[in-house]
Engineer: 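Below you will find the structure I want to go over with you.
Computed from a predicted structure; not experimentally measured.
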Amino acid sequence: MRCGLNQPTQRNANLILADMLDANLMNADLRGVDLSSANITGACLRGANLREEKRIYCAIIRGTKLHKADLRGADFTGADLSKLDLSSANLGKSSLRGADLHGANLSGAILYNASLSDISLGGAILNSANLMNARLERSNFTEAELIGANLQGAIMADTKLTRANMSRANLSFARLSRADLSQANLREANLKTVDLVSAYLARTNLINANLSQANLIRAEISSANLMDTNLSQAVMSDGTINY
């Protein structure tokens, strides 16, 4: 199947349980379409428009091409999106609760105000992604790449960010209480006014990071690299810092 021919509009279609294996849906208008339990494995959805109350529960999506797709407001609850190419896709205000996105490419993706709680993003690429105000509680970002990502105001309580690369990321005003940031790379990251209450930052790279006005109460910062780190006005009562 060649992914190159525009498909007819399928707006508001009922495609529950449909077999769309390797289908060519490039630039298709799929607004309002119900893809619950459909098989769209290997389908081409590049540039497709799936806005407006989409239902994609339990859809089989592996191998689907979603580069630059318009997925604003889409419901991917519990979907298997592992290793998909979602680079530069617009997922603003979408719901991906409980979804599997490990190894997915989300570089440059728009995920502002998205609901991403309880998801797996281990090894995923989110460089330069926009996750402003996204909900990311209890999610797994182990070894994910978030270089230059915008996480301003994101809710990331209880997230696992072990060995994640977040250099130059914007985490200002983010809420990272009880997050595991052990061995994470936060070099030159903006962590101004971040909530790191009871967070774990063992062997974390914080070189040139901005932690001004950060809340570090009960945080454990052991063997971290704090060279040229800005800790002005940071609250560290009861916190533990062991170089």
Side-chain angles (χ1 to χ4, degrees), residues 45-47 61-72 74 76 79-96 99-156 159-176 179-192 194 196 199 201 203-211 225 229:
L45 286 156
R46 288 178 181 167
I61 312 175
R62 287 184 179 176
T64 304
K65 301 173 181 66
L66 291 160
H67 174 64
K68 291 187 177 180
D70 187 343
L71 301 163
R72 283 175 283 178
F76 285 104
D80 184 353
L81 304 172
S82 56
K83 300 181 181 179
L84 285 190
D85 181 3
L86 286 153
S87 55
S88 300
N90 191 337
L91 288 147
K93 299 183 179 179
S94 59
S95 175
L96 294 107
D100 184 354
L101 281 154
H102 80 269
N105 182 0
L106 289 149
S107 57
I110 299 171
L111 290 148
Y112 69 90
N113 289 328
S115 178
L116 297 133
S117 303
D118 302 296
I119 67 171
S120 173
L121 279 159
I125 302 171
L126 295 109
N127 297 334
S128 301
N130 182 356
L131 291 140
M132 186 174 180
N133 297 324
R135 298 192 67 95
L136 299 155
E137 305 101 319
R138 302 174 300 279
S139 293
N140 185 355
F141 287 84
T142 300
E143 297 182 346
E145 292 188 20
L146 294 134
I147 300 170
N150 182 5
L151 290 147
Q152 183 177 6
I155 301 174
M156 305 176 74
T159 54
K160 187 169 184 177
L161 291 147
T162 307
R163 296 184 298 280
N165 189 348
M166 307 172 77
S167 61
R168 301 190 303 280
N170 181 6
L171 289 143
S172 57
F173 300 99
R175 292 156 64 180
L176 284 149
D180 183 353
L181 290 147
S182 55
Q183 301 181 64
N185 181 7
L186 287 159
R187 183 171 185 147
E188 299 179 13
N190 181 7
L191 295 147
K192 183 177 181 180
V194 71
L196 285 164
L201 294 99
R203 289 181 287 171
T204 303
N205 182 353
L206 291 161
I207 295 175
N208 286 319
N210 180 9
L211 279 157
N225 192 332
T229 302

Engineer: I need the N190 CG to N208 CG distance, nearest 0.5 Å.
Structural biologist: 12.5 Å
Engineer: Of all heavy-atom pairs between L126 and A144, which one has the smallest distance, and what is that distance?
Structural biologist: CD1-CB, 4.4 Å
Engineer: Is there a side-chain contact between M166 and E145 (heavy atoms, below 4.5 Å)?
Structural biologist: no
Engineer: Of all the heavy-atom pairs spanning L116 and A134, show the shortest one and how long it is.
Structural biologist: CD1-CB, 3.9 Å
Engineer: Roughly how far, to the nearest 0.5 Å, is the CZ atom of R187 from the CZ atom of R168?
Structural biologist: 10.0 Å
Engineer: Nearest heavy-atom pair of T159 and L136: which atoms, and what distance?
Structural biologist: CG2-O, 2.7 Å
Engineer: Salt-bridged, E143 to R163, with N to O below 4.0 Å?
Structural biologist: yes
Engineer: Are L131 and L146 packed together at the side-chain level, in the sense that at least one heavy-atom pair is separated by less than 4.5 angstrom?
Structural biologist: yes
Engineer: Which pair of heavy atoms, one from A184 and one from T204, lies closest together, and at what distance?
Structural biologist: O-CG2, 3.4 Å
Engineer: Report yes if some heavy atom in the side chain of E188 is under 4.5 Å from a heavy atom in the side chain of S167; otherwise report no.
Structural biologist: no
Engineer: Any donor and acceptor pair, going by atom type alone, linking the side chain of S94 with main-chain N or O of L71 inside 3.5 Å?
Structural biologist: no
Engineer: Given side chain to side chain contact (heavy atoms under 4.5 Å, CB included), test F141 with K160 step by step and report yes or no.
Structural biologist: CA-CA 6 Å; F141 287 84; K160 187 169 184 177; over 6 Å; no
Engineer: Atom CG of D100 and atom NZ of K83: how far apart are they, to the nearest 0.5 Å?
Structural biologist: 10.0 Å
Engineer: Does D118 offer a backbone N or O that forms a donor-acceptor pair with the side chain of S139 under 3.5 Å?
Structural biologist: yes
Engineer: For the residue pair N225 and N205, confirm or rule out a side-chain donor-acceptor distance under 3.5 Å.
Structural biologist: no
Engineer: Measure across N127 and I147 and return the closest heavy-atom pair with its distance rounded to 0.1 Å.
Structural biologist: OD1-N, 3.0 Å
Engineer: Within this structure, what is the CG-CZ distance for the pair N90 and R72, rounded to the nearest 0.5 Å?
Structural biologist: 5.0 Å
Engineer: Can you name the closest pair of heavy atoms from S117 and R138 and give their distance?
Structural biologist: CB-NH2, 4.0 Å
Engineer: When rounded to the nearest 0.5 angstrom, what is the spacing between CG in L151 and CG in N170?
Structural biologist: 8.0 Å
Engineer: Could you state the interatomic distance from CZ (R135) to CD1 (I155), rounded to the nearest 0.5 Å?
Structural biologist: 4.0 Å
